[in-house]
Every structure is written in structure tokens, then in C-alpha cells.
**Student:** 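Structure below; questions to follow.
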Amino acid sequence: MTGGPALPPTLSALAPQQPRRSVVKRFFPWRIWSRIIYGAAGVIGGILFLLELGYLKVYRLSFALGALHSLIQGFYLSLEVVAVILPIGFGLGFLIGWARTTRFVILRGFGSVYVDFFRSMPPIALIFFFALITGVELRTSNINPYTKEQITMWMGVVALAFHTGAYQAEIVRAGILSVPSGQTDAADALGISRLTSMFLVVLPQAFRLSLPALGNEFSSSIKDTSLLNVIGWAELGGISLALASNSITYAHYLQGSLVVWIEAAFLYFVVTYIATRLVRGIEDLYKVPGLEVAR
Amino acid sequence: MSSIRVRGVRKSFGDLEVLRGVDVDVNPGEVLCIVGPSGSGKSTLLRCINLLVTPDEGEVYLDSVALTDPRIRPEWVRQQIGMVFQQFNLFTHLTVKKNVMLALRHVKHIPRANAERIAVEQLTRVGLADKLNAYPAQLSGGQQQRVAIARALAMDPKAILFDEPTSALDPESIHEVLAVMTRLGHEGMTMAVVTHEMGFAKEVADRVVFFDAGRVVEEGSPEEIFERAGHERTQAFMKKILR
């Protein structure tokens with residue numbers, strides 16, 4: 001309160017109180033708390049993991065390390081696949097999300113059909129669908145079998161890109177629609193063309209507003225790659241499955257499987273965590289007063 | 001100096017007839033104030049002048065050019081006529097300077113250095129030379145509205161339309177925005193101002209138009225409209241707002 005007349009005692013109870021930081025917050029700011037929680041989770045996870053190794057007996061440690069080694073090979077392949085899915089998915093999402101906000105009925109209709117179709121298919125069905133159609137179409141062609149197989153398998157990857165594209169289209173559309181109409185009014189009133197105003201006024205704001213939701217969708221599409229083993233991909237998910245079902249020959253079946261899946265989960269966590277941190281970093285990089293998304 | 005002539009403009013949104021045949025003139029270098037109750041179509045009239053809204057019927061002329069001619073590009077019209085909005089509508093993601101530069105760069109295709117010089121010049125003119133790199137959210141309402149005026153001025157318009165420029169402001173900000181507008185008026189800018197600021201209208205306006213239910217009810221000098229209104233509807237409105 002600056003310079004206002006003193007309030008009578010009965011009213012001063014209603015006046016805004018000085019915000020008082022709680023003792024907990026003063027001594028343990030959230031930044032430190034989050035580290036403590038992460039650290040604790042890591043320690044507990046590690047202890048559980050070691051306990052499981054204990055069940056496996058120490059001489060089975062070589063099994064756990066060997067499994068990790070194979071899983072990391074699959075992890076690289078997963079990264080490769082993700083590096084294809086994210087750009088295609090984002091490109092599709094951007095174009096179709098934009099198409100759904102235009103005045104052109106044909107574009108809007110096409111966008112709606114696309115989103116309705118790909119959003120209502122389970123990703124596993126889409127992978128089969130794309131791969132099988134490609135396989136059937138290529139059956140009679142005379143390209144060599146190895147190339148045929150490669151094309152078929154990559155079509156499964158494209159299926160996932162189309163799937164996440166549908167979700168990202170909705171995110172982009174929501175972002176575009178959440179830019180107030182006053183912004184385009186102002187651009188129109190200055191004689192700025194529709195296309196220029198889209199690229200220089202609407203999209204830069206829509207992009208900032210959609211980043212958190214996009215990060216969410218990125219992490220979910222990264223994990224969807226674990227379905228690709230159904231058409232023969234030896235990516236992280238595929239290798240985990242194979243190792244887990246083979247583990248009976250090396251160790252007790254249940255414990256062996258558990259070790260494999262814990263290691264796989266850790267690797268998925270690493271890539272997803274990095275991706276979400278990157279998106280958060282981009283958010284901070286393009287932060288503008290008045291356009292922050294509440295955290 | 002340019003003039004705007006509006007002839008027989010009609011506009012409906014669905015069943016709602018917003019403008020029912022409007023004739024208005026803004027003479028060269030003149031400040032015209034448009035007053036009237038909310039929902040009477042004042043804002044729609046302004047938007048018809050720079051074709052943000054396309055009139056259903058009637059013509060709008062800028063000097064001798066019929067803006068409503070289908071061969072005329074709306075973008076061209078809007079380059080000639082500036083507009084200032086009630087809610088400022090500054091581009092949220094751009095700094096003050098870049099707000100002013102955007103249309104210079106991408107509509108008039110002026111090189112960056114020149115556009116920057118014009119932006120600084122216009123922002124200095126409205127007293128914001130120290131806020132060049134601030135973002136709109138960091139400014140008060142009055143400062144934002146002055147940026148919006150500078151943004152319109154930078155395009156070197158032949159006329160400026162003001163759509164209730166002070167209605168979203170606190171009393172102190174109202175004063176600083178009106179001061180800028182008053183100076184513009186005295187400098188001979190052709191202005192059409194939708195406003196409830198009777199003080200401004202009395203001091204700066206050359207003519208006042210009273211608008212109700214999509215029609216011009218009465219027009220005349222500020223004294224005529226505010227003190228000796230001939231029409232019953234105008235008298236009732238003035239009695240309420242002047243108290």
C-alpha cells in the first residue's frame with residue numbers, strides 16, 4: 001500500500017496482506033525440492049534395480065550388462081526412427097492444422113477428414129495397415145527383396161508420423177485460433193496481406209502458445225515407436241521383447257525380464273526427458289512478456 | 001490532405017441491419033467526431049471506410065477514388081487510411097519499434113535502416129523514444145495506444161480512423177492519448193474519431209455527427225450538437241452523458 005489513508009481497523013482486516021513466504025518455501029525453494037525429488041527417485045530406482053540383480057545372483061551381472069549393450073543398439077535405431085517421425089509429423093501437423101483454419105472449404109474438409117481418420121486409429125493398427133498395403137502393392141514388383149522389406153518397414157514409421165501429425169494438427173489449430181482476432185484486424189488495417197500476417201503475426205504467437213502441448217505430443221510419439229517391432233523393427237522395444245523372452249536361457253525368467261524392461265524404461269526415460277527439456281529450452285528462448293504460458 | 005465521403009452505405013450481419021444508409025463527409029484536414037450509443041453502428045461505419053467490413057450497398061470515396069470499386073485492392077485502401085483500435089491491438093510478440101516497422105518493411109518494402117529511422121521518428125513524436133525495445137505487455141494502456149498511433153502514422157496515411165481510442169484507458173492515460181490526438185488534429189490530419197470524450201470533441205472536432213440505430217441523426221458544429229441539438233434523440237443522449 002503506497003501512501004493511501006490508513007484504513008479503519010475493521011476494514012484493514014479486509015485489505016490485502018503482505019504476501020508471506022512460507023517457512024518451507026524460504027528454506028527449500030522449489031528448484032532445490034525438484035532436485036531432491038529427482039535424486040530420491042533415482043536412488044530408490046537404483047536400490048530396486050540392485051535388489052533385482054541380487055535375486056539374479058552376482059554372477060548374472062554379466063547378463064544385465066550384456067542386455068544393456070544390446071538395448072543401446074536398439075536405442076540408436078529408435079533415435080533414428082524418432083528423427084524421421086518428428087519432422088514429418090510436425091510438418092504435417094503444421095500444414096493440416098493451418099489448412100483447418102483457412103477460409104477454403106476444400107482445405108478445411110481435407111484437414112478434418114485427415115484428423116478424424118488418423119486420430120481415431122490405434123497406432124498399432126496404422127502401422128500394420130501401412131506396412132501391409134505397401135507389402136501387398138510391392139508383391140508383384142521386381143525390385144530386390146531387401147529393398148522391398150526396407151520400404152515396407154519404413155512405411156510403418158511413416159504411419160506413426162501420420163498419426164502424430166493428426167494430433168499436432170489439432171495443437172497447431174488450437175494455437176492459431178487462440179491468437180486474438182484483434183491481431184489480424186491490426187495487420188489488415190495496416191494493409192498487410194493475409195499470407196504475410198499469417199507468417200509474421202499469427203504463427204509466431206500461435207507457435208509460442210502451442211509449445212507446451214507440442215512437447216507433450218513429441219514425448220508421446222517417441223514412446224509410440226516401441227510398437228514398431230510388430231513389423232520387424234529391432235528398435236528399443238523390439239530388442240527388449242526379444243531379450244526378455246530369451247532371458248529364460250540365461251537367468252530366472254521373471255527377474256531376467258524385469259532387468260531388461262527396467263533398462264529399456266531407463267533408456268526411454270533418457271530420450272523423452274531430453275526431448276521435453278529441449279522443448280522447454282525453446283520455450284524459454286522465445287519467451288516474450290505477455291505471451292508466457294502459465295506454469 | 002484528403003477527404004473521405006461515405007454515400008448510402010448499408011450493412012447487415014445476418015438479420016441485424018447495422019448501417020441503414022449512411023452519408024458522412026470528412027473534409028480535408030478536418031476532425032470529425034462520431035458520437036452515439038453503443039450498438040448504433042459507429043465502429044462498423046469506420047470499418048466500412050477502410051474495408052475491414054465490406055459494405056452491402058453504397059460507396060466510400062477517398063478523394064476521388066471509389067474505394068468500394070471491386071477493382072480496388074483492400075490492402076491498398078488500408079495503406080492509405082490508418083486505424084487505431086479501442087484495444088490497441090499491438091503485435092504482442094514484437095517490440096514497440098518492430099511493431100511500427102512491420103508494415104513499413106513488408107507492405108511498403110522500405111529497407112530496414114530507413115524503416116527503423118521512421119519508426120524512431122514516429123515514436124519520438126508520440127513521446128515514447130525511451131520505450132523502443134519494450135514489449136507491449138510492459139507498457140501502460142496509454143503508452144500502448146500511443147504506439148498504435150505511431151504505427152498508423154508511420155505508414156504516412158491520408159487519413160486516420162480512431163475507434164473509441166480512449167475507452168479502455170484510465171483517466172491519466174486518456175489525457176496523454178488525447179494530447180497526441182489533439183496535436184495531430186491541429187497539424188491538419190484528416191481524422192474520423194468515434195469517441196465519448198466530449199471535452200476532446202468540443203476542443204478539437206470541426207464537426208460532430210450524432211449516430212443512432214445505423215443512421216446519422218444529426219450533424220453540426222460541436223456547440224450545435226452538444227448544446228442546441230435539434231433532434232429529440234440527440235437531446236436525450238446529450239443530457240445523459242453531459243449530466
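Each chain gets a letter, A, B and so on, in the order its sequence line appears, and its residues count up from 1. In this text the structure is predicted, and so the values were computed from the model without any measurement.
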**Student:** Does any backbone or side-chain atom of B:Arg151 lie under 4.5 Å from a heavy atom of chain A? Answer side chain, backbone, both or neither.
**Tutor:**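 Both backbone and side chain.
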**Student:** Taking atom CZ as the centre, does A:Arg108 end up with more than 12 heavy-atom neighbours from other residues, nucleotides or ligands that are less than 6.0 angstrom away?
**Tutor:**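 Yes.
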**Student:** What closest approach, in Å, do B:Thr92 and A:Gln205 show between heavy atoms, and which atom pair accounts for it?
**Tutor:** OG1-OE1, 3.7 Å
**Student:** Determine, stepwise, if the pair B:Thr95 / A:Val288 fulfils side chain to side chain contact (heavy atoms under 4.5 Å, CB included).
**Tutor:** CA-CA 9 Å; B:Thr95 61; A:Val288 158; over 6 Å; no
**Student:** What heavy-atom pair brings B:Glu75 and A:Ser193 nearest, and what distance separates the two atoms?
**Tutor:** OE2-CA, 4.1 Å
**Student:** With the side chain counted from C-beta on, respond yes when A:Ile192 and B:His106 share a heavy-atom pair under 4.5 Å apart, and no when they do not.
**Tutor:** no
**Student:** Are more than 12 heavy atoms, taken from residues, nucleotides or ligands other than A:Ile37, located less than 6.0 Å from that residue's CD1 atom?
**Tutor:** yes
**Student:** Considering residues, nucleotides and ligands other than B:Glu172, do more than 12 of their heavy atoms fall under 6.0 Å from its CD?
**Tutor:**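 Open.
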**Student:** So which atom in A:Pro289 and which in B:Ala137 form the shortest heavy-atom distance, rounded to 0.1 Å?
**Tutor:** O-CB, 3.5 Å
**Student:** Measure B:Gln87 against the heavy atoms of chain A and call it side chain, backbone, both or neither at under 4.5 Å.
**Tutor:**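 Contact with chain A: none, neither part.
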**Student:** Does B:Lys108 have more than 12 heavy atoms from other residues, nucleotides or ligands lying within 6.0 Å of its NZ?
**Tutor:** yes
**Student:** Sub-4.5 Å heavy-atom contacts with chain B: which residues of residues 168-191 of chain A show up?
**Tutor:**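 Counting heavy atoms that sit under 4.5 Å from chain B, the residues of residues 168-191 of chain A involved are A:Gly182, A:Gln183, A:Asp185, A:Ala186, A:Ala187, A:Asp188, A:Ala189, A:Leu190, A:Gly191.
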**Student:** Within a reach of under 6.0 Å around CZ of A:Phe266, are more than 12 heavy atoms found that belong to other residues, nucleotides or ligands?
**Tutor:** no
**Student:** Examine whether an atom of B:Phe91 lies under 4.5 Å from a heavy atom of chain A, and if so say whether it belongs to the side chain, the backbone or both; otherwise answer neither.
**Tutor:** both
**Student:** Measuring from A:Leu203:CG to B:His93:NE2, what's the distance to the nearest 0.5 Å?
**Tutor:**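 NE2 of B:His93 is found 9.5 Å from CG of A:Leu203.
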**Student:** Between B:Leu51 and chain A, which part of the residue has a heavy atom less than 4.5 Å away: side chain, backbone, both or neither?
**Tutor:**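 Interface part for B:Leu51: neither.
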**Student:** Go through the atoms of B:Leu161 and report whether side chain, backbone, both or neither lie under 4.5 Å from a heavy atom of chain A.
**Tutor:**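 Neither part.
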